[in-house]
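One structure is given here, and the rest of the page talks about it.
Within every chain, numbering begins at 1; the chains are lettered A, B, ... in the order of the sequence lines, protein sequences first and strands thereafter.
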Number of protein chains: 2
Amino acid sequence: MAGVSHATVSRVLNGGRDVSVTARRAVDRALKRTGYTPNHHARQLAGARPDSVGFLNCVDVSQLFADTNINRLWLGCTQALADQGIMLVLPVGAGAARAVDAVLMFSAREADLGDSPLPLVACGTPVGHEGEIAYVTSDDRGGARQMVAYLRESGRRRIATVTGPLDLPSGMLRLAGYRDVVGVVDPGLVVAGDYSYQSGVVAAERLLRQAPDLDAVFVASDLMAVGVIDALTRAGRRVPEDVAVGGFDDAPVARRTWPPLTTVRQAWERIPGELVRQLWRQVDGDGPSGVVLPVELTVRASA
Amino acid sequence: MAGVSHATVSRVLNGGRDVSVTARRAVDRALKRTGYTPNHHARQLAGARPDSVGFLNCVDVSQLFADTNINRLWLGCTQALADQGIMLVLPVGAGAARAVDAVLMFSAREADLGDSPLPLVACGTPVGHEGEIAYVTSDDRGGARQMVAYLRESGRRRIATVTGPLDLPSGMLRLAGYRDVVGVVDPGLVVAGDYSYQSGVVAAERLLRQAPDLDAVFVASDLMAVGVIDALTRAGRRVPEDVAVGGFDDAPVARRTWPPLTTVRQAWERIPGELVRQLWRQVDGDGPSGVVLPVELTVRASA
DNA sequence: TTGTATGCGTTATCAA
DNA sequence: TTGATAACGCATACAA
């Protein structure tokens, strides 16, 4: 009760445009005096702009800070949103995203898609829903294509691949890119992994059995690629002399392997910003659209 | 539009009490057909019970899943709330808790306290605000007292202590418990740590310099205790023959040290349930109250 | 058992 | 620059 109306108080709260200095001061004092806190729900209901967005990782919550890719994105998004005074929240479990005003979605399988009542942007291609869901993604298919083409131009003839989970867009698309350049593929040269180090090891051992004459492997993630290199080395193959290994992501580990990993670099520094930009478009009612960020072949020593 | 009123729909949504079977079915069908999703904000505004609660860790978010204590609590709370169909959300950053309907607060320093507009329960004693904030805590002071008394009864005479952060209630109270039985304390026997392994190592080295004749150490956390044992061992002291070491928490690591750690066991399995129970009391408008859970001296081999 | 009416706390649209 | 006033979508006391 500063002797002014609701409306004036609201104006002060939202930037104080079109409010006289005296009124503003009176309101400010009253606010402080009464320890007033705006009600988030009422605010959102009345149509305020979202001020909390959820970082929804469809795969695994507990691994959030262990997976360097997700971690990088998390940090970037936190930053990009904090710049605008918006909080990033981590909803956990099935319907938990209802607690926030908007959603950033990661590692979504087809089943995770479906129309959301909230403004939503997917990180990665929402395969099969490209026209309905806004998204930002790296050029997975193009990147895979670049890598495999590079391997081939380096004179490799028996190029195998370790894929990511095939129910994930990135997994499917990187395999598609491999197919694009290899043409008709020998099934013995394709093994599925799950992006983990361990699955890289297992996949490489299997590959060695199925196709002992392979001379290159395109691995769909750097972490798996490390596993592949380790397994290959243990089996007595030299990298890259006997077998060239190419990864994907340019994760921090790519610089620390021996030999350093040739990989496809994702534009990590751009993704969070684009994600947030797309989210605002969504909030402003623009139709869903997709942003495909270019990737860059980064040649080091493993291939 | 199932041919019924708003109120009936609302009733169906909230359990369907006092609704005829036919009406309920009609509503259910209409709901499915239209893909209706209730608006969370409107619901909360209209006075519904909270259905998203925030797990607010005041210290460090990124370490959430690394700290075994916090991790245990996180899992327990997720479970306890999921049983009631409620989602646990992880708000990150200063004001992020505003996105949820209620708050569970961990590792709060005095500065983090202050009256919240949301129902809130602290895990740990809100020192200086005991009457204003509801809380659930282990008996830190009593536990420390038990441990130090046990050390003394075992014939130890120069009992040192490595404290936790002294701006954290648990840190202060465990030190207070130590004081309670030691009486007038030799300042050379007290070194502050921060609950980390590394700080245990550093503290022990310092203690060895300041008080080479010590014959026991009460360490305020198991993780630090491991560091203390390692440092002691490296310095040529045998545990427990030369120096007895007692920890606090009964973290998983306590069983895996050598020698296995004598420690103060917190009732981890009870804390989440009590926290949630207190939260509902809070929601129902009961005045803040505190729950102090007993701890148990667990004697293994290190003391 | 059902419908009507009111209020929740805020923003936004108008007049004044 | 300000103050009424109407939404916002839902829950609930009360009337029917």
Side-chain angles (χ1 to χ4, degrees), chain A residues 1-31 33-52 84-87 95 97-102 115-119 280 283-285, chain B residues 1-31 34-52 84-86 95 97-102 115-119 280 283-285:
Chain A
M1 310 303 168
V4 298
S5 73
H6 292 294
T8 303
V9 176
S10 180
R11 281 188 274 261
V12 171
L13 254 32
N14 300 358
R17 293 184 56 81
D18 296 337
V19 179
S20 67
V21 185
T22 46
R24 165 151 59 236
R25 271 211 306 248
V27 172
D28 278 338
R29 250 181 305 121
L31 253 35
R33 188 163 48 73
T34 60
Y36 172 85
T37 308
N39 180 307
H40 180 242
H41 298 301
R43 209 166 220 198
Q44 285 308 123
L45 185 57
R49 291 184 73 81
D51 78 341
S52 78
Q84 311 181 27
I86 298 188
M87 301 302 162
R98 69 186 169 208
V100 297
D101 311 325
D115 42 29
S116 157
L118 270 44
W280 294 137
V283 168
D284 293 337
Chain B
M1 311 304 169
V4 297
S5 74
H6 293 294
T8 303
V9 176
S10 180
R11 281 187 275 262
V12 171
L13 254 33
N14 300 3
R17 294 182 58 80
D18 295 338
V19 178
S20 67
V21 185
T22 47
R24 165 151 58 238
R25 272 210 307 247
V27 172
D28 279 338
R29 250 181 307 120
L31 253 35
T34 60
Y36 172 84
T37 308
N39 180 307
H40 180 243
H41 297 300
R43 208 166 219 200
Q44 286 307 124
L45 186 57
R49 292 183 73 81
D51 78 340
S52 79
Q84 312 180 26
I86 297 187
R98 69 187 170 207
V100 297
D101 311 326
D115 43 29
S116 157
L118 270 44
W280 293 136
V283 168
D284 293 335

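Scanning both residues, B:Leu13 and B:Leu31, for their nearest heavy atoms gives CD1-CD2, 3.5 Å. Closest approach of A:Asp101 to A:Pro119, counting heavy atoms only: O-CD, 3.5 Å.
Distance A:Arg24 CZ to D:dT1 P: 10 Å, rounded to the nearest Å. If you take NE2 of A:His41 and P of C:dT11, they are 14 Å apart, rounded to a whole angstrom. Atom CZ in B:Arg11 sits roughly 14 Å away from atom P in D:dC14 (whole-Å rounding). One interatomic measurement links the two molecules: CG of B:Leu13 to P of D:dC10, which rounds to 8 Å at whole-angstrom precision. Taking atom NE2 of B:His6 as the reference point, atom P of D:dC8 lies 11 Å away to the nearest angstrom. Here the C1' atom of nucleotide C:dC8 and the CG atom of B:Asn39 are 13 Å apart, to the nearest Å. Across the protein-nucleic acid pair, B:Asp101 atom CG and D:dA11 atom P stand 13 Å apart, rounded to whole Å.
Taking side-chain N and O atoms only, A:Ser10 has no distance below 4.0 Å to OP1 or OP2 of C:dA12. Listed pair B:Thr8 / C:dT2 fails the phosphate criterion, with no side-chain N or O lying under 4.0 Å from OP1 or OP2. The side chain of A:Arg43 places no N or O atom within less than 4.0 Å of a non-bridging phosphate oxygen (OP1 or OP2) of C:dG9.
Taking CD of B:Gln84 as the reference point, atom CG of B:Asp51 lies at 11.5 Å (rounded to 0.5 Å). Within the model, atoms CD of B:Gln44 and NE2 of A:His41 stand 4.5 Å from one another, a figure rounded to the nearest 0.5 Å. The structure places OH of B:Tyr36 at 13.0 Å from CG of B:Asp28, a figure rounded to the nearest 0.5 Å.
Comparing C:dT11, D:dT2, D:dC8 by their nearest atom to the side chain of A:Ala48 picks out C:dT11. Listed nucleotides C:dT11, D:dT12, D:dA11 differ in distance to B:Ala46; the shortest reach to its side chain belongs to D:dA11. Here D:dG9 is the nucleotide among C:dT10, D:dG9, D:dA13 with the atom lying nearest to any side-chain atom of B:Ala42. Which of C:dG9, D:dT2, D:dA4 sits closest to the side chain of A:Ala7 comes down to D:dA4. Across C:dT1, C:dT11, C:dG3, the shortest atom-to-atom separation from the side chain of B:Ser20 is found for C:dT1. In this structure, of C:dT10, D:dG9, C:dT2, it is C:dT10 that holds the atom nearest to the side chain of A:Pro38.
Comparing B:Leu45 and B:Val21, the nucleotide of DNA chain C nearest to each residue sits closer to the 5' end for B:Val21.
Within the 4.0 angstrom heavy-atom criterion, no nucleotide atom of any strand lies near B:Thr22.
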